[in-house]
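In what follows, a structure is listed as structure tokens, so that the remarks can point back to it.
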There are 2 protein chains.
Amino acid sequence: MTRVRVLLADDEHLIRGALAALLGLEDDLEVVAEAASGPEALAMARAHRPDVAVLDLEMPGADGVTVATKLRAELPSCRTMIVTSHGRPGHLKRALSAGVRGFVPKTVSARRLAEIIRSVHAGNRYVDPELAADAISAGDSPLTVREAEVLGFATDGAPVAEIAERAALSQGTVRNYLSSAAAKLGAENRHTAVRLARERGWV
Amino acid sequence: MTRVRVLLADDEHLIRGALAALLGLEDDLEVVAEAASGPEALAMARAHRPDVAVLDLEMPGADGVTVATKLRAELPSCRTMIVTSHGRPGHLKRALSAGVRGFVPKTVSARRLAEIIRSVHAGNRYVDPELAADAISAGDSPLTVREAEVLGFATDGAPVAEIAERAALSQGTVRNYLSSAAAKLGAENRHTAVRLARERGWV
DNA sequence: CGCCGCACATGACAAATGTCAGGAGCGGAA
DNA sequence: TTCCGCTCCTGACATTTGTCATGTGCGGCG
């Protein structure tokens, strides 16, 4: 019997180590590599060519979805899945379009995770039902491409002038986009608009 | 030999379960209870009277520090420690003044955590060196009580009128506090000021 | 007691922001 | 081809902020 070769990437040593130990107890799984950052995950994947890569969404260097995208190009035979602590709807959509085959919150048990890894390895997809429901109820972004882009530059209360410069648009245009985006989101001002859009993964 | 009785509280089942398994391997530690939320942690502590409570900082219901405060009152013999993913300096200060004896990031290994649990149980304190350095370099809050209070109401881009109402102050006064607070924090506007203050745990 | 810092306020001005109207180019769908 | 929506712009206006000057009352401290 040949075991499923797993790559584990998570910056929290506590979790990664514990998880590696628990998954290793399953006799059909084998943790062949561990990584604590996005770039390291890529390097380990190249070196060990795992069957399944289990990636944390939040990692220093490059987030899980970014790593998954690159892996898909470099190692098409390697299935990828994402685990995350507090999953926002938009991340799920982004992950799926990056070719990720599994998306689970960290609230599942290790045993359950092992099952999902097997299932993903067998070619199936798995998305946590609750996250899926969130994603569906959040619906599609009502924002146009430019509105979303401008909102993205409007983080941490940057002044309009700065946003305009970064987006290479005139200040008036930026104001218009910000205004219409806020209207679509039902927000009073751009700051709450940014927050809402982020929560729903629309930026 | 009597083993150290440990309570584990973390809303992420993946971590809690894995951790429980790994800590259980240490022959002088015994995980006697697990909880997935703040209130549940309190209830389990009352029922099982552990020697050491290992609490996640971010939990639904009540955060780790809140739980620690209540535990200190109800079960003085129970030592408390906090584990956290991304620790902000202010949390550390808050935790220490709540009587927490250990403060560690989730980037440590399970073995290391076990050592720290033992040390805390023996009556020592332990604070992660890196977090401690952050806390020290962040220094004390330069904000007056009112400035901090007003900043606290200024979350998610609320308009000044709303802040004034919530703080029962005049709008002019609110603007003044916001302005002076932003100046002290070196921020351009109140939104970045709020973010900075939050990062440093000054709100 | 007199000084100083803090809490709280007012009023006024400048700058940033939100809102509205309107106009030009451009690509896709009817 | 005509129409419509998206992108981008300009200009003007009302509102919201940030900033400053200035004043009062209070409590602590030398």
Side-chain angles (χ1 to χ4, degrees), chain A residues 90 93-94 97 138-203, chain B residues 90 93-94 97 138-203:
Chain A
K93 201 164 295 182
R94 207 161 61 91
S97 59
D140 262 348
S141 171
L143 304 176
T144 68
V145 178
R146 275 306 172 302
E147 285 167 349
E149 184 185 336
V150 171
L151 257 198
F153 285 128
T155 49
D156 52 55
V160 171
E162 192 178 322
I163 302 172
E165 193 183 356
R166 287 206 265 177
L169 292 177
S170 88
Q171 298 201 8
T173 308
V174 168
R175 274 202 285 264
N176 286 338
Y177 283 147
L178 249 23
S179 180
S180 65
K184 286 178 181 176
L185 296 174
E188 296 253 319
N189 55 47
R190 69 193 160 106
H191 303 290
T192 71
V194 167
R195 195 170 44 81
L196 284 176
R198 281 184 116 59
E199 277 174 14
R200 300 180 193 172
W202 291 342
V203 293
Chain B
K93 202 164 296 182
R94 208 161 61 90
S97 58
D140 263 346
S141 172
L143 305 175
T144 67
V145 177
R146 276 308 174 300
E147 284 167 351
E149 185 186 334
V150 170
L151 258 197
F153 284 127
T155 48
D156 54 53
V160 170
E162 192 179 321
I163 303 171
E165 193 184 355
R166 288 206 265 177
L169 291 177
S170 88
Q171 299 200 8
T173 308
V174 168
R175 275 204 287 267
N176 286 338
Y177 283 147
L178 251 22
S179 179
S180 65
K184 286 178 181 175
L185 296 173
E188 296 253 320
N189 55 46
R190 69 193 160 108
H191 303 290
T192 71
V194 168
R195 194 171 45 81
L196 284 176
R198 281 185 114 60
E199 276 173 14
R200 298 178 195 173
W202 290 342
V203 292

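Just so we're on the same page: letters track the sequence lines, and every chain starts at 1.
For the pair B:Leu178 CG and C:dA15 P, the computed distance is 20 Å after rounding to whole Å. One atom, CD of B:Glu188, and another, P of D:dT17, lie 17 Å apart when rounded to the nearest Å. Between the CG atom of B:Leu151 and the P atom of D:dG18 there is a distance of 11 Å, rounded to whole Å. The interatomic distance linking B:Leu143 (CG) with C:dA7 (C1') rounds to 15 Å, in whole Å. In this structure, A:Arg190 atom CZ and C:dT19 atom C1' are separated by 14 Å, rounded to whole Å. Summarising the geometry, the separation between CG on B:Asn189 and P on C:dA16 is reported as 11 Å, rounded to the nearest angstrom. If you take OH of B:Tyr177 and C1' of D:dT17, they are 18 Å apart, rounded to a whole angstrom. Taking atom CD of A:Gln171 as the reference point, atom C1' of C:dG18 lies 13 Å away to the nearest angstrom.
You'll find that the side chain of A:Ser170 is closest to D:dC9, out of D:dG18, D:dT7, D:dC9. In this structure, the nucleotide among D:dT17, C:dT10, D:dC8 sitting nearest to the side chain of B:Val160 is D:dT17. Out of C:dC8, D:dT17, D:dC9, the shortest distance to the side chain of A:Thr173 is found at D:dC9. Distance from the side chain of B:Asn176 is smallest to D:dA21 among D:dT10, D:dA21, D:dT17. Across C:dA9, C:dA7, D:dT10, the shortest atom-to-atom separation from the side chain of B:Leu169 is found for C:dA9. When distances are taken from the side chain of A:Ser179 to each of C:dG18, D:dG18, D:dC9, the shortest belongs to C:dG18. Candidate nucleotides C:dG18, D:dG18, D:dT7 were compared by shortest atom distance to the side chain of A:Val145, and D:dT7 ranks first.
Atom-to-atom distance recorded for B:Thr173:OG1 and B:Ile163:CD1 is 12.5 Å, nearest 0.5 angstrom.
Nearer to the 5' terminus of DNA chain D, by closest-nucleotide assignment, is the contact made by A:Ala168 (compared with the other of A:Ala168 and B:Gly157).
Partners of B:Ser180 by side chain to side chain donor-acceptor pair (under 3.5 Å), not counting sequence neighbours, listed by chain and number: B:Glu147.
Between A:Arg166 and A:Ala158, the closest heavy-atom pair is NH2-CB, 4.2 Å.
Residue A:Arg175 is in base contact, counting any heavy-atom pair closer than 4.0 Å across all strands shown. A:Thr144 comes within 4.0 angstrom of sugar-phosphate atoms only, judged by non-hydrogen atoms across all strands, and of no base.
For D:dC6, the OP1/OP2 oxygens have no side-chain nitrogen or oxygen of A:Arg146 closer than 4.0 Å.
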Practice problem: Apply side-chain contact (heavy atoms from CB on, under 4.5 Å) to B:Glu149 and B:Arg146, showing your working. | Solution: CA-CA 5 Å; B:Glu149 185 186 334; B:Arg146 276 308 174 300; 3.5 Å; yes
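Legend: ring pair (Phe, Tyr, Trp, His ring centres under 6.0 Å) pairs involving residues 169-196 of chain A, not counting sequence neighbours, sorted by first then second residue: A:His191-B:His191.
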